[in-house]
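A short worksheet on the structure shown next.
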Amino acid sequence: MQDPNPLPWGALDRFQAQFIVRKTTGSSFNNYVAKTKLTTKGHFGSKTIAKVEWIGSGSLASKLNSDTELNEMIAKQTIKDATIYVEPTEVAVRIRSKWDNHLAFGITKELFEIYDRIAGHIKSV
């Protein structure tokens, strides 16, 4: 008998846009780790973002928290798009969001402006 719910084999249709900022972090790795913490209101489909806060132990998170215009831009996005991670690698700093399938994958002009502004803060740290 054939399995009615077969497991997928191979690569799944999940994509993630990563914005790379060339910056050597050196030993100050923790300065470049940040993640958005979203305060929401409403339930289910009507859930909206009330406040955006950046969590991180370094100076990048404090710079991002002080940029109120950036946080207002992020608050206008969907919850999935507003969840942003900033992670350093050996020779660069990566800005990314959550994974999407091939139908939902894409970057809007507003999201690009948000990532560009975050990249500017990364360069200034």
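- With values rounded to the nearest 0.5 angstrom, Tyr115 atom OH is found 12.0 Å from Ile20 atom CD1.
- Note that OG of Ser66 and NE2 of His121 are 6.5 Å apart. Values are rounded to the nearest 0.5 Å.
- Residues that satisfy the side-chain hydrogen bond (donor to acceptor under 3.5 Å, both in side chains) test with Ser124, not counting sequence neighbours, are Lys63.
- By the salt bridge (charged side-chain N to carboxylate O under 4.0 Å, His left out) test, Glu90 is found to be paired with no residue, residues two or more places apart in sequence or in another chain being considered.
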(message) Could you go through Lys35 and Val86, starting from their C-alpha distance and side-chain angles, then the distance that decides it, and tell me whether this counts as side chain to side chain contact (heavy atoms under 4.5 Å, CB included)?
(response) CA-CA 6 Å; Lys35 177 189 179 299; Val86 179; over 6 Å; no

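- To the nearest 0.5 Å, the span separating CG on Leu70 from CD1 on Ile114 amounts to 6.5 Å.
- With rounding to the nearest 0.5 angstrom, the CE atom of Met73 is 11.5 Å from the OG1 atom of Thr68.
- Annotation: salt bridge (charged side-chain N to carboxylate O under 4.0 Å, His left out) contacts of Asp100 (sequence neighbours excluded): Lys80.
- Residue pairs that meet the salt bridge (charged side-chain N to carboxylate O under 4.0 Å, His left out) test with at least one member in residues 101-115, sequence neighbours left out, do not exist here.
- The salt bridge (charged side-chain N to carboxylate O under 4.0 Å, His left out) check on Arg96 picks up Glu87, with sequence neighbours excluded.
- Under the ring-ring contact (aromatic ring centres under 6.0 Å, His included) criterion, Phe15 pairs with Phe105, sequence neighbours left out.
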Check residues 37-49 and write down every donor-acceptor pair under 3.5 Å in which the side-chain atom is one partner and the other belongs to a residue at least two apart or another chain.
residue, atom, partner, partner atom, Å
Ser46, OG, His43, O, 2.9

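- Considering only residues two or more places apart in sequence or on other chains, Thr78 meets the side-chain hydrogen bond (donor to acceptor under 3.5 Å, both in side chains) condition with Asp81.
- Trp99 is not connected to Ile107 by any chain of hydrophobic side-chain contacts under 4.5 Å among Ile, Leu, Val, Met, Phe, Trp and Tyr, and they are in different clusters.
- Side-chain contact between Arg14 and Asn101 is present, with at least one heavy-atom pair separated by less than 4.5 Å.
- Taking Asp13 as the reference, His102 meet the side-chain hydrogen bond (donor to acceptor under 3.5 Å, both in side chains) condition, with sequence neighbours excluded.
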Distance-only criterion, 3.5 Å: show the donor-acceptor pairs between side-chain atoms of residues 51-58 and protein atoms not counting sequence neighbours.
residue, atom, partner, partner atom, Å
Trp54, NE1, Asn71, OD1, 3.0

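- For residues 15-33, the pairs satisfying side-chain hydrogen bond (donor to acceptor under 3.5 Å, both in side chains) are Gln16-Gln18, with sequence neighbours left out.
- A donor-acceptor pair is defined here as one N or O able to donate and one able to accept, closer than 3.5 Å; such a pair exists between the side chain of Thr36 and the backbone of Ala82.
- The local environment of CZ in Phe112 is sparse, with at most 12 non-hydrogen atoms from other residues, nucleotides or ligands closer than 6.0 Å.
- Cluster partners of Val33 are Phe29, counting Ile, Leu, Val, Met, Phe, Trp and Tyr whose side-chain heavy atoms approach within less than 4.5 Å, directly or via other members.
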